[in-house]
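The block underneath contains the structure these notes are about, expressed in structure tokens.
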Amino acid sequence: MTIVRVAPTQERDVDLSRTYDAVVVGSGAAGGMAAHVLTSQGMHVLLLEAGKKVPVEQELRSMEWPYEHPRRGEMPPGYHAIRHNEYTVRQPPYAAKSAFKHVFSYVGGWGGSDYVKNILVDEKDHPYTGTRYAWVRARLLGGKTNIWGRLALRLSDYDFKGKTHDGYGEDWPISYADVAPYYDKVDTYLGISGHNENLPHLPDSLFQRPNKLTAAEVMLRKSLAGMGRVLTPYRAGVTTDGVKNKYRSKCFGRGACGRRPGGCDIHAAFDSPTGLIYPAMDTGNLTLRTNSIAHEVLVDRNTGKARGVSFVDSQNHRTYEAKAKVVILAASTLESARLLLLSKSRQYPNGIGNSSGHVGHNFCEHVMGPGVTGMVKDLVGRAPSLDDGKPGGFYVPRFRNLQDRQSGFVRGYGFEGGSGFSIFPDGAWDTPGFGGQFKKTVREHAGAFIGMGGFGEVLARYENYMDLDPETKDRWGIPVLRFHYQFGDNEKKMCEDMATTAKEMFEQAGIEIVGVDKEMLTEGWSIHELGTARMGTDPKTSVLNQFQQSHDVRNLFVVDGSSHVSASCQNPTWTIMALAWRSCEHLAAEFKRGNL
Ligand SMILES: Cc1cc2nc3c(=O)[nH]c(=O)nc-3n(C[C@H](O)[C@H](O)[C@H](O)COP(=O)(O)OP(=O)(O)OC[C@H]3O[C@@H](n4cnc5c(N)ncnc54)[C@H](O)[C@@H]3O)c2cc1C
Ligand code: SF4
């Protein structure tokens with residue numbers, strides 16, 4: 001077993017007197033991909049990242065057992081993660097009146113919260129206002145990819161051409177055939193594990209070795225096949241066979257990424273720094289400046305083109321300018337929209353790239369909550385096995401509104417699930433009793449549980465939007481986002497159906513139902529925020545063209561999830577990267593032709 005730990009290349013000095021070919025804002029999945037593609041095309045790129053460079057291996061400590069940590073992995077006193085109930089009974093800014101010194105989003109409340117306290121943002125410094133929303137942010141080199149859940153799925157023409165299929169919303173200005181070659185490139189460069197299923201609505205990737213299903217999962221897979229549905233091993237953005245990248249090792253199935261709030265300290269799971277940014281630095285074409293909070297895209301008064309970015313140093317609070325011939329925003333869906341809206345000038349009084357008035361609008365994501373927990377009686381009492389020693393469990397792809405038309409809602413949902421023995425025995429909290437008998441019952445049943453929860457498409461609607469709060473500012477004096485967003489009737493009906501079908505699938509498989517969740521979780525819970533600067537062919541109703549290039553400002557690109565026209569029900573990160581690759585290849589070609 002080889003575990004690679006290679007230090008990144010020596011960073012190049014930042015030269016703010018120079019005009020770079022391109023400045024990229026944000027270093028997560030989107031920004032990392034932009035840096036990778038543009039530097040490999042020979043462009044000189046400055047990457048601005050608002051957060052710190054965190055020694056992430058030291059934070060994650062994946063090999064640490066719970067008993068080796070003084071608080072079994074929990075955060076120290078004075079630290080608090082917002083609970084589900086707080087999101088539902090209070091209004092943002094959630095941390096404003098909190099007695100705790102540090103407040104984090106709900107992800108900080110997952111097991112092992114101490115491991116992410118320097119990865120998630122402190123809500124005290126980063127408020128937002130408006131309607132309720134569980135906003136999860138990670139401000140550090142690599143952004144949320146340091147702790148993402150790794151489920152790496154493709155979209156299909158059921159998504160890209162959703163309006164053609166069911167009449168709702170808008171089609172994307174591209175189809176699956178346009179993106180497929182770039183999905184292939186992402187698969188090959190970063191590695192993805194999974195199993196071919198040949199489904200038109202969930203295209204296969206170029207898979208490396210899949211994770212093994214457990215006995216309960218095999219049983220459910222067989223039963224679902226009889227219902228015309230599929231259960232497939234978790235399609236993980238993880239290299240199981242290895243990739244050509246000296247900063248990454250292949251997965252050796254410790255399961256640490258699933259037992260804690262995410263993260264893989266040997267970088268078998270994709271993260272942007274080791275997967276994209278360090279290799280880009282090795283080209284000699286990438287300059288990185290962390291602690292750099294972009295707050296305005298600067299405009300050339302004569303040409304109306306972007307001329308760079310103004311940013312605040314998060315440590316000394318001073319403002320600087322970075323000059324570049326092309327500006328690429330990749331600060332994540334909501335932060336990129338905030339940046340566009342913040343960039344008001346004489347030429348662009350509503351914010352740069354916003355002649356359509358659509359920036360901040362058409363926000364969409366996934367709705368979560370409904371799901372089912374069951375028990376396979378035949379598995380009670382079996383000898384323990386390492387069931388969670390892998391980067392994920394299983395996925396049940398969408399089956400609604402494909403060939404059929406479901407009454408009550410459009411679009412669909414999929415389920416993520418897992419089963420078997422885990423580091424903390426499933427069912428322990430709900431098992432009655434105490435003492436020796438209690439322990440025996442918990443041990444006997446621990447490997448027999450199976451559960452899954454739905455992720456449904458939230459429809460993109462113009463009236464779901466974010467704007468700038470006229471009063472509230474963050475710690476650096478930058479106006480914050482104000483949410484005007486809530487789930488609609490389609491999401492509610494879809495969630496009712498999710499709970500019903502989840503139960504029905506377990507019953508059909510002969511799995512004893514232990515619990516059915518029907519409640520919808522708060523808006524934002526999926527951490528799959530999308531929309532706000534959508535692509536389209538009509539500059540009056542869209543912000544970007546098919547290459548994520550501003551209709552208004554030709555040397556301005558927004559390459560993250562803000563460009564997505566609809567949410568699909570498939571997790572977005574692999575699509576974010578495939579699209580960023582496609583757009584940046586186009587950008588580099590246009591740059592060389594002198595068209596930007
Ligand atoms: C716990 C968790 C589980 C997840 N599970 C999955 C999953 O299973 N599958 C999936 O597809 N997705 C998953 N996601 C979502 C996934 O992480 C995101 O889709 C992906 O990271 C988005 O990439 P991004 O580059 O747009 O944003 P980010 O990764 O958030 O990166 C944005 C970067 O921009 C920086 N930035 C922000 N504002 C500024 C500014 N003003 N100036 C400079 N820099 C700025 C941020 O600090 C950050 O580093 C999960 C996320 C979390 C947190
Ligand atoms: S299971 Fe694989 S991807 Fe997950 S932490 Fe372990 S080595 Fe990393």
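These numbers come from the heavy atoms of this one structure, side chains and all, not from hydrogens, waters or symmetry mates.
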Query raised in the report: Is there a donor-acceptor contact under 3.5 Å from the side chain of Asn555 to the main chain of Ala306?
Result: yes
Report task. Would you check if Leu153 and Thr575 make a side-chain contact, meaning some heavy-atom pair closer than 4.5 Å? Result -> no
Query raised in the report: For the side chain of Arg289 and the backbone of Glu49, is there at least one donor-acceptor N/O pair under 3.5 Å apart?
Result: no
Query raised in the report: Would you call Asn285 and Met43 a side-chain contact if the rule is heavy atoms closer than 4.5 Å?
Result: no
Report summary line: Correct closest heavy-atom pair for Leu48 and Ala322 would be CD1-CB, 4.2 Å
**Report entry** From CA spacing to verdict: ring pair (Phe, Tyr, Trp, His ring centres under 6.0 Å), Trp476, His295
**Finding:** CA-CA 10 Å; Trp476 295 270; His295 62 91; over 10 Å; no
Requested in this report: Return the set of residues passing side-chain hydrogen bond (donor to acceptor under 3.5 Å, both in side chains) with Glu321 (not counting sequence neighbours), or none when no residue passes.
Outcome: Arg307
Query raised in the report: Can you tell me if Ser314 uses its side chain to pair, donor with acceptor, with the backbone of Ser292 under 3.5 Å?
Result: no
Query raised in the report: Distance-only, no hydrogens or angles: does the Ser113 side chain make a donor-acceptor pair with backbone N or O of Trp110 under 3.5 Å?
Result: no
Requested in this report: Apply the test ring pair (Phe, Tyr, Trp, His ring centres under 6.0 Å) to residues Tyr94 and Tyr87: give CA-CA distance (whole Å), side-chain angles for both, the deciding distance (0.1 Å), then the verdict.
Outcome: CA-CA 8 Å; Tyr94 296 110; Tyr87 285 114; 4.9 Å; yes
Report summary line: Heavy-atom closest pair (Ser272 atom, Ala29 atom, distance to 0.1 Å) is CB-N, 4.3 Å
Query raised in the report: For atom CG of Asn595, is the number of surrounding heavy atoms from other residues, nucleotides or ligands below 6.0 Å larger than 12?
Result: yes
Report task. Give a yes or no answer on whether the side chain of Ser40 reaches the backbone of Val37 with a donor-acceptor pair at less than 3.5 Å. Result -> yes
**Report entry** Side-chain donor-acceptor contact under 3.5 Å, His69 with Asp114
**Finding:** yes
Query raised in the report: Do Ile478 and Ile293 have side chains that get closer than 4.5 Å, going by heavy atoms?
Result: yes
Query raised in the report: Can you list the residues that meet the salt bridge (Lys or Arg N to Asp or Glu O under 4.0 Å) rule with Asp184, with sequence neighbours excluded?
Result: Arg154
Report task. May I ask you to check whether Glu523 and Thr131 show a side-chain donor-acceptor distance below 3.5 Å? Result -> no
Query raised in the report: Could you walk me through whether Ser542 and His551 pass the side chain to side chain donor-acceptor pair (under 3.5 Å) check?
Result: CA-CA 8 Å; Ser542 61; His551 286 303; 2.9 Å; yes
Query raised in the report: Applying ring pair (Phe, Tyr, Trp, His ring centres under 6.0 Å), which residue pairs with at least one partner in residues 318-343 are found, sequence neighbours left out?
Result: Phe311-Tyr320
Query raised in the report: Can you find a pair of side-chain heavy atoms, one from Arg139 and one from His126, that are under 4.5 Å apart?
Result: yes
**Report entry** Contact summary for Thr145 and Gly28, nearest pair of heavy atoms
**Finding:** CG2-C, 4.1 Å
Requested in this report: Output yes when a side-chain donor or acceptor of Asn291 lies under 3.5 Å from a complementary backbone atom of Gln315, and no otherwise.
Outcome: no
Report task. Could you go through the salt bridge (charged side-chain N to carboxylate O under 4.0 Å, His left out) check for Lys592 and Asp21 one step at a time? Result -> CA-CA 11 Å; Lys592 281 175 201 155; Asp21 289 339; over 6 Å; no
Query raised in the report: When rounded to the nearest 0.5 angstrom, what distance separates OG in Ser566 from CG in Asp159?
Result: 6.0 Å
Query raised in the report: What are the two closest non-hydrogen atoms of Lys344 and Leu468, and how far apart are they?
Result: NZ-CD1, 4.1 Å
Query raised in the report: Is the distance between the ring centroids of Trp135 and Tyr128 under 6.0 Å?
Result: yes
**Report entry** Sequence-distant partners of Lys305, salt bridge (Lys or Arg N to Asp or Glu O under 4.0 Å), two or more places apart
**Finding:** none
Query - Contact check, side chains of Ile352 and Val553, non-hydrogen atoms, under 4.5 Å - result: yes
Query - For the student: nearest non-hydrogen atoms of Ser336 and Val558, plus distance - result: CB-CG1, 3.9 Å
Query raised in the report: Going from CG on Leu60 to OH on Tyr115, what distance comes out if it is rounded to the nearest 0.5 angstrom?
Result: 10.0 Å
Query raised in the report: Hey, do the aromatic rings of His586 and Trp581 have their centres closer than 6.0 Å?
Result: no
Requested in this report: Examine Arg346 relative to Tyr348 and say whether NZ or CZ is less than 6.0 Å from the centre of the six-membered ring and inside a 45° cone about the ring axis.
Outcome: no
Requested in this report: Could you check if a side-chain atom of Thr287 sits within less than 4.5 angstrom of a side-chain atom of Val45, using non-hydrogen atoms only?
Outcome: no
Query raised in the report: Distance from Tyr20 atom OH to Leu16 atom CG, nearest 0.5 Å?
Result: 6.5 Å
Requested in this report: Check for a donor-acceptor pair, side chain of Arg248 on one end and backbone N or O of Gly275 on the other, with a separation under 3.5 Å.
Outcome: no
Requested in this report: With rounding to the nearest 0.5 Å, note down the distance linking OG1 in Thr532 to CG in Asn464.
Outcome: 12.0 Å
Query raised in the report: With no hydrogens and no angle check, do the side chains of Asp552 and Ser550 hold a donor and an acceptor under 3.5 Å apart?
Result: no
**Report entry** Cationic N near anionic O, under 4.0 Å, Glu585 to Lys185
**Finding:** yes
**Report entry** Side-chain heavy atoms of Leu334 within contact of Leu481, under 4.5 Å
**Finding:** yes
Query - Within the 6.0 Å centroid threshold, strictly below: Tyr462 and His358 - result: yes
Query raised in the report: With distance as the sole test, does Arg235 use its side chain to make a donor-acceptor pair with the main-chain N or O of Gly194 at under 3.5 Å?
Result: no
Query - Atom NZ of Lys473 with >12 non-hydrogen neighbours under 6.0 angstrom - result: yes
Report summary line: Sorted by chain and number, sequence neighbours left out, salt bridge (Lys or Arg N to Asp or Glu O under 4.0 Å) with Arg482 holds for Asp467
**Report entry** Inter-residue atom distance Ser193.OG - Lys250.NZ, 0.5 Å rounding
**Finding:** 13.0 Å
Query raised in the report: With a 4.5 Å heavy-atom cut-off, do Trp574 and Leu190 have their side chains touching?
Result: yes
Query raised in the report: Could Asp271 and Lys144 be called an ion pair, given the rule that one side-chain N must be under 4.0 Å from one carboxylate O?
Result: no
Query raised in the report: Parallel, tilted or perpendicular: which fits the ring planes of Tyr79 and Phe104, with parallel below 30° and perpendicular above 60°?
Result: parallel
Query raised in the report: Between Arg582 and Gln546, is any side-chain donor less than 3.5 angstrom from a side-chain acceptor?
Result: yes
**Report entry** Nearest non-hydrogen partners of Gly237 and Ala152, listed with the distance
**Finding:** N-CB, 3.7 Å
Query raised in the report: Okay, side chain of Tyr106, backbone of Trp525: is any donor-acceptor separation there less than 3.5 Å?
Result: yes
Enumerate donor-acceptor pairs with a distance under 3.5 Å from any side-chain N or O in residues 118-125 to protein atoms, sequence neighbours excluded.
unit_1	atom_1	unit_2	atom_2	d
Asn118	ND2	Glu59	OE1	3.1
Asn118	ND2	Glu59	OE2	3.2
Asp122	OD1	Val103	N	3.1
Asp122	OD1	Lys124	N	3.0
Asp122	OD2	His102	ND1	2.6
Glu123	OE1	Arg137	NH2	3.4
Lys124	NZ	Ser98	O	2.8
Lys124	NZ	Phe100	O	2.8

Query - Test item: Glu529 side-chain N/O and Thr333 main-chain N/O as donor-acceptor pair under 3.5 Å - result: no
**Report entry** Aromatic ring proximity, centroids under 6.0 angstrom, His484 and Phe363
**Finding:** no
**Report entry** Approximate separation, where rounding is to 0.5 Å, of Leu38 CG and Cys584 SG
**Finding:** 4.5 Å
